[in-house]
*Asks:* 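Below is one structure. I have some questions about it.
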Amino acid sequence: GGGGSVGGRGFNNGCGICCGVSCVNCNDTDCDDIGGGGGGGGNGGGDNSGLSIIGIIDILIVCSFIAFLCVGSVYNWKVKSKTGADVIPFRTVWTDVPFLVKDGVVFVLGLAKSGFQKATGKTTTI
């Protein structure tokens, strides 16, 4: 790979410093005698202008979660007259999440260790 062009100016002035972008120790005259190099290359022929279905689902999940927290908090505050951290919906569940994640990781590592031992006949510590 070599060159390329940014606004008609070459990427490399011979010392590895870009010209025409954010220059460090580079005069614009250093780029004048460098060839333009290749062009951009386009978008590969595909239509990449929108979100994928996974991206849309992710956005919907995050927005739904935020709406759940907001509506649940307002409900707990206004209807149930809770205050402080008690307004968080299902607060005890959220405080248990780190421990549940730890238990899941320990379980999966135990399965991996068991599978490794069965496959190789060796015992090891992970």
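Just so you know, these numbers come straight off a predicted model, no measurement behind them.
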*Asks:* Which hydrophobic side chains are connected to V79, either touching it within the sub-4.5 Å cutoff or through other members that do?
*Replies:* Y75
*Asks:* Could you report the tightest heavy-atom contact between P89 and N76, atom names first, then the distance?
*Replies:* CA-ND2, 3.7 Å
*Asks:* Identify, with sequence neighbours excluded, every residue that meets salt bridge (Lys or Arg N to Asp or Glu O under 4.0 Å) alongside D86.
*Replies:* R91
*Asks:* According to side-chain contact (heavy atoms from CB on, under 4.5 Å), who are the partners of V62, at least two apart in sequence or on a separate chain?
*Replies:* I66
*Asks:* Just say parallel, tilted or perpendicular for the rings of F68 and F90, cut-offs at 30° and 60°.
*Replies:* parallel
*Asks:* For residues 99-108, which residue pairs pass the salt bridge (charged side-chain N to carboxylate O under 4.0 Å, His left out) check, not counting sequence neighbours?
*Replies:* none
*Asks:* Got a sec, which residues hit ring pair (Phe, Tyr, Trp, His ring centres under 6.0 Å) with F99, two or more places apart in sequence or on another chain?
*Replies:* none
*Asks:* What residue pairs, at least two apart or across chains, pass side chain to side chain donor-acceptor pair (under 3.5 Å) with a residue in residues 58-73?
*Replies:* none
*Asks:* Apart from L51 itself, which Ile, Leu, Val, Met, Phe, Trp or Tyr residues share its cluster (side-chain heavy atoms under 4.5 Å, direct or through members)?
*Replies:* I56, I59, L60
*Asks:* Are L100 and V108 connected, step by step, through hydrophobic side chains (Ile, Leu, Val, Met, Phe, Trp, Tyr) whose heavy atoms are closer than 4.5 Å?
*Replies:* no
*Asks:* Running the 4.5 Å side-chain criterion over Ile, Leu, Val, Met, Phe, Trp and Tyr, what cluster does V74 land in, apart from itself?
*Replies:* none
*Asks:* Determine, using the 4.5 Å side-chain heavy-atom cutoff (strictly less than), whether I61 and L69 are members of one ILVMFWY cluster.
*Replies:* no
*Asks:* Running the 4.5 Å side-chain criterion over Ile, Leu, Val, Met, Phe, Trp and Tyr, what cluster does V87 land in, apart from itself?
*Replies:* W77
*Asks:* Pairs in or reaching into residues 60-84: which pass salt bridge (charged side-chain N to carboxylate O under 4.0 Å, His left out), with residues at least two apart or in two chains?
*Replies:* none
